[in-house]
Amino acid sequence: MRGLWKLTMLAVARSVRHSPFRLYSGRPPAPLGARILSNTDDIFQHNMWDHVKWSPEEYEQARQKAEENSREQIPIEDQVRYDRDANMYWNGFYEMHQNKFFKNRQWLFSEFPELLPQGYEPDHSSWGQESGVTDLSSQGGCHKDLLIDHPVLGEQQQHSSSNSAVKSHNSVAFPGQHASFRILEVGCGAGNSVFPIINTIRESNVFLYCFDFSSRAIQLVKEHPDYDPAVCHAFVQDVCDDASLFPFPLESLDVILVVFVLSSIHPKRMQGVLNHLAGYLKQGGIILFRDYGRYDLSQLRFKRGQCLSENFYTRQDGTCVYFFTKDEVHQLFTNAGLEELQNLEDRRLQVNRGKKIVMHRVWMQSKYRKP
């Protein structure tokens with residue numbers, strides 16, 4: 001492991017020679033930053049470098065490592081509890097860590113400007129000064145029995161305006177019904193996306209819904225001093241339970257945020273989840289997605305005996321995670337009837353400057369629209 005991902009300067013230099021970008025200082029622009037390592041002498045000047053290209057040798061080493069840690073899979077009869085008791089595992093996670101494990105995602109509006117209505121000018125001082133997208137979280141998921149066999153904003157806003165009033169057959173009152181722009185976050189956890197959004201949309205006509213199937217996570221959200229029911233409705237929901245209704249009508253959402261949550265769901269159920277969510281988007285509405293990519297450092301760190309199925313693992317605390325490819329993401333979202341606006345593989349070098357360690361990170365970032 002140490003030999004694979006604590007890169008030698010030779011490997012880094014090989015990646016730099018293939019990079020057509022130049023080095024930027026300060027906050028990198030979107031998408032996915034532009035802090036490019038053009039001189040290997042600068043590698044420990046920052047905590048993260050963007051748009052890193054792998055050599056064929058590095059890719060093959062990663063593939064072999066993932067193949068090795070997947071050879072010994074957890075028996076089917078033992079896998080059931082990870083799915084059946086997933087809410088228990090996540091409740092335990094939030095009970096232990098409260099809201100202190102993950103940082104607030106101040107990068108959201110840089111990478112996902114679609115979170116705000118066209119023409120809305122937020123207070124940029126509330127966005128923080130983080131550079132890059134380095135979230136390591138994963139929450140949400142579902143707890144049904146395991147399957148044993150195993151120019152964009154403008155167009156979006158045109159549709160949004162025409163659909164701002166909910167159809168008459170959905171005339172029952174619901175939270176946020178008077179908002180002209182509605183956002184849903186799936187698997188909100190303790191609110192690391194919720195509160196940057198709330199603090200940005202105050203005094204606007206935007207409303208945020210957020211849910212998690214961990215009741216402890218939702219309790220933490222509601223107890224937070226920034227939680228405001230005037231602009232946000234947090235609730236407990238199992239995203240895999242397509243029989244239960246959301247507290248808003250079909251075709252009423254402008255944006256659905258799915259960040260580090262789909263990976264925690266069993267691969268056999270991902271398509272059903274996206275199909276269900278797509279039904280709540282307005283025409284022109286967008287799903288914003290970010291999650292783990294294939295051969296990310298965290299995948300290669302798994303030991304034998306933690307693999308549930310191909311590229312799907314359980315952590316020591318019982319929570320689960322899947323690692324995506326671009327093709328898989330594209331297939332999932334287009335099969336849900338959505339059209340691709342963005343589908344990127346975010347490859348970075350994460351640097352521990354104190355220990356002089358450099359590690360490969362891989363994330364997926366995508367945007368899909370309902371035609």
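A quick note: this is a predicted structure, and the numbers were derived from the prediction, not measured.
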### Message
Counting only heavy atoms not in E77 (residues, nucleotides, ligands), do more than 12 fall under 6.0 Å from its CD?
### Response
yes

### Task
Kindly check if the number of other-residue, nucleotide or ligand heavy atoms within 6.0 Å of CD (E340) is above 12?
yes

### Worked verdict on N275 versus Q271 for side-chain hydrogen bond (donor to acceptor under 3.5 Å, both in side chains)
CA-CA 6 Å; N275 293 349; Q271 190 65 66; 3.0 Å; yes

What's the spacing between [X] [atom1] and [Y] [atom2] if we round to 0.5 Å?
X	Y	atom1	atom2	result
R369	L281	CZ	CG	11.5 Å
N311	E67	CG	CD	11.0 Å
T325	Q331	OG1	CD	9.0 Å
L257	L184	CG	CG	8.5 Å
F112	R290	CZ	CZ	7.0 Å
L220	K222	CG	NZ	12.0 Å

### Query
When the aromatic ring centroids of F207 and Y209 are compared, is their separation below 6.0 Å?
yes

Considering only NZ, NE, NH1 and NH2 on the basic side and carboxylate oxygens on the acidic side, decide whether [X] and [Y] come within less than 4.0 Å.
X	Y	value
E345	K326	no
D346	R348	yes
R182	D254	no
K370	E339	no

Compare every heavy atom of [Y] with every heavy atom of [X], then report the nearest pair and how far apart it is.
X	Y	value
H276	Y280	O-CD1, 3.4 Å
K282	S180	NZ-O, 3.6 Å
V194	C232	CG1-SG, 4.2 Å
P267	S309	CG-OG, 4.5 Å
C188	V221	SG-CG2, 4.4 Å
D238	S244	O-OG, 4.5 Å

#### Entry: Donor-acceptor pair between Q299 and Y322 side chains, under 3.5 angstrom
no

### Query
Any side-chain donor-acceptor pair under 3.5 Å between S70 and Y313?
yes

Do [X] and [Y] have side chains that approach each other closer than 4.5 Å (heavy atoms only, starting at C-beta)?
X	Y	value
D296	F323	yes
L288	V255	yes
R361	L349	no
Y295	K65	no
T319	S264	no
I197	F195	no
L274	L338	no
L262	F289	yes

#### Entry: side chain to side chain contact (heavy atoms under 4.5 Å, CB included) evaluation trace for F213 with D241
CA-CA 10 Å; F213 81 147; D241 185 2; over 6 Å; no

#### Entry: Matching residue for Y292 among F324, F260, F312 - test: ring-ring contact (aromatic ring centres under 6.0 Å, His included)
F260

### Query
Are V206 and Y120 in one and the same hydrophobic cluster, where Ile, Leu, Val, Met, Phe, Trp and Tyr link if side-chain heavy atoms are under 4.5 Å apart?
yes

### Message
According to a hydrophobic-cluster definition based on side-chain heavy atoms being under 4.5 Å apart (Ile, Leu, Val, Met, Phe, Trp, Tyr only), do I256 and I218 belong together?
### Response
no

### Task
Report the C-alpha distance between E111 and Q365 in whole Å, list the side-chain angles of each, state the deciding distance to 0.1 Å, and finish with yes or no for side-chain hydrogen bond (donor to acceptor under 3.5 Å, both in side chains).
CA-CA 9 Å; E111 297 296 336; Q365 182 165 301; 2.9 Å; yes

For the backbone of [Y] and the side chain of [X], can you confirm whether one donor and one acceptor N or O come within less than 3.5 Å of each other?
X	Y	result
Y368	L332	no
N69	R304	no
E58	S55	yes
Q64	Q61	no

### Task
Given side chain to side chain contact (heavy atoms under 4.5 Å, CB included), test W363 with D291 step by step and report yes or no.
CA-CA 6 Å; W363 295 289; D291 221 316; over 6 Å; no

### Task
Decide side chain to side chain contact (heavy atoms under 4.5 Å, CB included) for M359 and R301; before the verdict, give the C-alpha distance in whole Å, the side-chain angles of both, and the deciding distance to 0.1 Å.
CA-CA 11 Å; M359 301 158 285; R301 279 178 168 171; 3.7 Å; yes

### Task
Please work out whether the ring planes of F246 and F248 are parallel, tilted or perpendicular, with thresholds of 30° and 60°.
parallel

### Message
For R202 and D226: C-alpha separation, side-chain torsions, deciding distance, then whether side chain to side chain contact (heavy atoms under 4.5 Å, CB included) applies.
### Response
CA-CA 11 Å; R202 294 187 195 277; D226 287 343; 4.0 Å; yes

